[in-house]
Amino acid sequence: GLKALISLGGWTGSKYFSDAVLTAESRTKLAQSCIDLWLRGNLPGLEPGAGAGVFDGIDLDWEWPGSSGADGNIIRPEDKQNFTLFVEELRSQLRAFSRDAQLTAFLPAAAAKIDAGFEVRRVFRQLDFATVQGYDLRGSWENRTGHQSNLLTDRRDPNDPRYSVDQTVRDYLARGAPARKLVIGVPAYGLGWTGVTGGGNGLYQPATGPAPGKWAAGAEDYKDLVNKPGKRHRDLRTGAVWLYDGNEFWSYDDPVVLTQKAAYIRLKRLGGAMMWSIDQDDSRASLTTALYRVLK
């Protein structure tokens with residue numbers, strides 16, 4: 001039953017998305033290109049159809065239409081409408097190619113980004129499902145620690161706006177997304193700050209910058225965080241866990257938190273869970289197993 005989809009865009013691959021969907025002609029051309037290359041498998045320099053049968057559909061990961069993403073991205077006010085038009089064009093061409101081909105999208109957590117870039121009700125009519133960003137809610141690009149992936153809103157959170165997975169789900173439902181098509185993203189990594197010396201448990205304290213990480217400053221795999229020294233703190237009311245050693249503060253998800261999130265997904269009758277990314281889980285697949293035990 002496994003389906004493999006290829007994703008177009010991403011944080012570092014969305015610079016020209018706005019250009020590519022700017023006109024009816026460009027939208028048609030892009031959709032044709034995606035289907036020809038990835039689904040028909042017409043790869044340059046090989047026999048026609050050499051790559052056919054690899055992918056079962058296409059995922060759209062434009063980060064973000066109508067609002068800022070990576071530095072240098074092209075942004076237009078009309079991105080919101082053009083994204084919808086491209087989704088409709090791509091779905092139309094996918095139907096002509098195969099009724100079984102899937103179309104999905106990765107969507108942001110913040111209400112401001114949802115409203116700037118997505119006609120939610122209309123887009124969801126064309127999607128099999130959408131994976132919703134349930135992480136990077138707070139991070140070391142800010143000078144104060146916080147939860148990067150809390151399930152429920154913390155009323156003690158001094159930030160404005162206050163983010164949570166639940167608030168994001170409510171925002172999409174209120175804008176017309178069907179619950180069964182909402183797939184919640186969960187992190188297999190943590191985000192961390194250094195220079196957190198305000199005392200207490202480190203939460204909502206000033207920081208001097210991102211903590212050192214193996215791949216990038218301020219980010220670390222769960223499989224490495226789980227063995228990192230320091231005191232673990234948990235807030236069952238908000239569905240959050242964090243590590244604080246008196247200097248470094250790390251916000252991440254562990255099996256207990258993912259059990260809470262899986263139960264929430266079942267309770268709300270949502271579409272399921274997506275993990276970014278499974279290679280960051282430990283050798284026992286502790287995070288993946290926690291989700292599976294509830295969602296199977």
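Proximity of L270 to Y264: side-chain heavy atoms (C-beta onward) are separated by under 4.5 Å at one or more points. The closest side-chain heavy-atom distance from P210 to L191 is not below 4.5 Å. You'll find the side chain of D61 stays beyond 4.5 Å of the side chain of L8, heavy atoms only. Residues T208 and T194 form a side-chain contact, since some pair of their non-hydrogen atoms from C-beta on lies under 4.5 Å apart. Side-chain contact between D79 and W64 is absent, with no heavy atoms from C-beta onward closer than 4.5 Å. Residues V294 and T259 form a side-chain contact, since some pair of their non-hydrogen atoms from C-beta on lies under 4.5 Å apart. Here the side chains of W242 and T145 are not in contact, with every heavy-atom distance at 4.5 Å or above. By the 4.5 Å heavy-atom criterion applied to side chains, Q167 and L152 are not counted as neighbours.
Defined by atom type and a distance below 3.5 Å, a donor-acceptor pair is missing between the side-chain atoms of N150 and S164. Between the side chains of N247 and D245, not a single donor N or O lies within less than 3.5 Å of an accepting N or O. Using a 3.5 Å distance cut-off with no hydrogens or angles, the side chains of T238 and D235 do pair a donor with an acceptor. Looking only at atom types and distance, the side chain of S18 has a donor-acceptor partner in the side chain of R76 under 3.5 Å away. In this model, no donor atom of one side chain and acceptor atom of the other lie less than 3.5 Å apart for S14 and E63. Neither side chain, N143 nor W193, offers a donor N or O lying under 3.5 Å from an acceptor on the other. Side-chain atoms of S26 and T23 form a donor-acceptor pair, as typed in the model, at a separation below 3.5 Å.
Remark: T131 OG1 to I184 CD1 distance equals 9.5 Å, nearest 0.5 Å. Rounding to the nearest 0.5 Å gives a distance of 14.0 Å between CD1 of I114 and CD of E119. Expressed to the nearest 0.5 Å, how far CG of L173 lies from NZ of K268 amounts to 8.0 Å. To the nearest 0.5 Å, the span separating NZ on K29 from CG on D36 amounts to 12.5 Å. Rounding to the nearest 0.5 Å places CG of D19 at 11.5 Å from CG of L30. D281 contributes atom CG, which lies 7.0 Å from atom OG1 of T289 (distance to the nearest 0.5 angstrom).
For residues 137-147, the set of pairs meeting the salt bridge (Lys or Arg N to Asp or Glu O under 4.0 Å) definition, not counting sequence neighbours, comprises R138-E142.
Y252 pairs with exactly one of E220, Q148, R232 by the side-chain hydrogen bond (donor to acceptor under 3.5 Å, both in side chains) rule, that one being R232.
The local environment of CZ in R170 is sparse, with at most 12 non-hydrogen atoms from other residues, nucleotides or ligands closer than 6.0 Å. The neighbour count for I278 CD1, taken as heavy atoms of other residues, nucleotides or ligands under 6.0 Å away, does not exceed 12. When the shell of 6.0 Å around CZ of F97 is examined, it contains more than 12 heavy atoms from other residues, nucleotides or ligands.
The shortest non-hydrogen separation linking P187 to G134 is CD-O, 4.5 Å. Closest approach of W250 to A211, counting heavy atoms only: CZ2-CB, 3.4 Å. The two atoms that bring W38 and F55 nearest to each other are O-CD1, 3.6 Å, heavy atoms only. Across F118 and W62, no two heavy atoms sit closer than the pair CZ-O, 4.5 Å. Looking at every heavy atom in both residues, Y172 comes nearest to P108 through OH-O, 2.6 Å. The shortest heavy-atom contact between L243 and P229 is CD1-O, 3.7 Å.
Under the 3.5 Å distance criterion, the side-chain polar atoms of K113 are matched with a main-chain donor or acceptor of S68. With hydrogens and angles ignored, the 3.5 Å screen pairs a side-chain donor or acceptor of R27 with a backbone N or O of V21. Looking at N159, its side chain never comes within 3.5 Å of a backbone N or O of R162 through a donor-acceptor pair. Side-chain atoms of E89 do not come within 3.5 Å of backbone N or O of A24 as any donor-acceptor pair.
Under the 4.0 Å criterion applied to side-chain N and carboxylate O atoms, D115 and R175 are assigned as salt-bridge partners. Salt-bridge check for D128 with K3: failed, with every basic side-chain N at 4.0 Å or more from each acidic carboxylate O. Between R122 and E88 a salt bridge is recorded (basic side-chain N to carboxylate O distance below 4.0 Å). Using a cutoff of 4.0 Å between basic side-chain nitrogens and carboxylate oxygens, D224 and K228 are not scored as salt-bridged. R237 has no carboxylate O lying under 4.0 Å from a charged side-chain N of D154, or vice versa, which leaves the two without a salt bridge.
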Under the side-chain contact (heavy atoms from CB on, under 4.5 Å) criterion, do Q280 and K223 qualify, and how do the steps go?
-> CA-CA 6 Å; Q280 298 170 304; K223 62 191 174 190; 5.5 Å; no
Given Q93 and T28, is the side-chain contact (heavy atoms from CB on, under 4.5 Å) satisfied, shown in steps?
-> CA-CA 9 Å; Q93 292 196 33; T28 298; 3.8 Å; yes
For R95 and Q126, what are the C-alpha separation, side-chain angles and deciding distance, and is it a side-chain contact (heavy atoms from CB on, under 4.5 Å)?
-> CA-CA 11 Å; R95 286 196 187 102; Q126 308 302 327; 3.7 Å; yes
Could you please spell out the steps behind the side-chain hydrogen bond (donor to acceptor under 3.5 Å, both in side chains) verdict for Y189 and D136?
-> CA-CA 10 Å; Y189 66 93; D136 294 355; 2.6 Å; yes
Take L90 and I35 through the test side-chain contact (heavy atoms from CB on, under 4.5 Å) and record every step on the way to the result.
-> CA-CA 9 Å; L90 183 54; I35 293 171; 4.2 Å; yes
Begin from the C-alpha positions of D253 and S149 and carry the test side-chain hydrogen bond (donor to acceptor under 3.5 Å, both in side chains) through to its verdict.
-> CA-CA 7 Å; D253 283 7; S149 53; 2.7 Å; yes
Start with the C-alpha gap between W215 and D221, add the side-chain angles, then the distance that decides, and say whether side-chain hydrogen bond (donor to acceptor under 3.5 Å, both in side chains) holds.
-> CA-CA 9 Å; W215 308 113; D221 294 351; 3.2 Å; yes
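The aromatic rings of H233 and Y244 sit tilted, their planes meeting at an angle between 30° and 60°.
Every side chain to side chain donor-acceptor pair (under 3.5 Å) that D59 has, sequence neighbours left out, goes to S7, T104. When the side chain to side chain contact (heavy atoms under 4.5 Å, CB included) test is applied to V226, the partners found at least two apart in sequence or on another chain are Y222.
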